[in-house]
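Note that this is a predicted model, so its numbers are computed, not measured.
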Amino acid sequence: QVQLVESGGGLVAPGASLRLSCTASGGTLGRSAMGWFRQVPGKEREIVAAVAWHGAAPYHADAVKGRFSISVDSAQSAAYLQMNNLKREDTAVYFCAAAQAIANIRDREIKDWGQGAQVTVSS
């Protein structure tokens, strides 16, 4: 079974950038669509971005559009979330997810979840 492992989280000041990575172990991502979600305590996990296995037509939530960018490297079985101009409200645990297709990501029909990476934006 494929395990997804996130890395790249941390504590940054407002306006800074971070790049989250999601790599697959125990297998490959194949043609899975990939997505990033985030969650803060007491709230539902929300979708941040999603992309098909070939990288075309990515989706970004309105809250991050223009600041975050999702990408995928199928050859390396990895997905990334470039986060620029971070804001305090971006503070959350970020999870990567794999699904059959991008529509499944958006419908939360997830095959595999990562364990989560903490991103804290604070001065």
Quiz item: Under 3.5 Å, is there a donor-acceptor pair between the side chain of E6 and the main chain of G116?
Solution: yes

Quiz prompt | Crowding at CD, E44 (>12 non-hydrogen neighbours, <6.0 Å) | solution = no

Exercise. Could you tell me whether R108 atom CZ has more than 12 heavy atoms of other residues or ligands within 6.0 Å of it?
Key: yes

Quiz item: Closest approach of L18 and G8, non-hydrogen atoms and distance?
Solution: CD2-O, 3.6 Å

Name each donor-acceptor pair under 3.5 Å that joins a side chain in residues 29-42 to protein atoms two or more places apart or in another chain, with its distance.
residue, atom, partner, partner atom, Å
S32, OG, L29, O, 2.8
S32, OG, K111, NZ, 2.9
W36, NE1, Y80, O, 3.4
R38, NE, E46, OE2, 2.6
R38, NH1, D90, OD1, 2.9
R38, NH1, Y94, OH, 3.0
R38, NH2, E46, OE2, 3.3
Q39, OE1, R45, NE, 3.2
Q39, OE1, R45, NH2, 3.3
Q39, NE2, K43, O, 3.1

Quiz item: From I102 CD1 over to I70 CD1, what is the distance, rounded to the nearest 0.5 angstrom?
Solution: 7.5 Å

Quiz item: Out of Q82, R67, M83, which residue meets the side-chain contact (heavy atoms from CB on, under 4.5 Å) rule with S17?
Solution: Q82

Quiz item: Hey, what do you get for SG (C96) to CG (L20), rounding to the nearest 0.5 Å?
Solution: 9.0 Å

Practice problem: Measure across V2 and G27 and return the closest heavy-atom pair with its distance rounded to 0.1 Å. | Solution: CG2-CA, 3.9 Å

Quiz item: With distance as the sole test, does D107 use its side chain to make a donor-acceptor pair with the main-chain N or O of E109 at under 3.5 Å?
Solution: no

Practice problem: Can you see which heavy atom on A98 is nearest to which on I105, and at what distance? | Solution: C-CD1, 4.2 Å

Quiz item: Can you tell me if T120 and Q118 form a side-chain donor-acceptor pair at under 3.5 Å?
Solution: yes

Practice problem: Provide the closest heavy-atom pair for T23 versus A78 in the form atom of the first, atom of the second, distance. | Solution: CG2-CB, 4.1 Å

Quiz item: Cluster question for you: counting only ILVMFWY and a side-chain heavy-atom cut-off of under 4.5 Å, with indirect links fine, are L4 and I110 together?
Solution: no

Quiz item: At what distance, to the nearest 0.5 angstrom, does CG of L86 lie from CZ of F68?
Solution: 5.0 Å

Practice problem: Indicate yes or no: at least one non-hydrogen side-chain atom of T91 is less than 4.5 angstrom from one of V119. | Solution: no

Quiz item: Do V48 and V93 belong to the same hydrophobic cluster, where Ile, Leu, Val, Met, Phe, Trp and Tyr are linked whenever their side-chain heavy atoms lie under 4.5 Å apart, directly or via other members?
Solution: no

Quiz prompt | Heavy-atom side-chain contact between V51 and Y59 under 4.5 Å | solution = no

Practice problem: Please check if atom CD in Q3 has more than 12 non-hydrogen atoms from other residues, nucleotides or ligands closer than 6.0 Å. | Solution: no

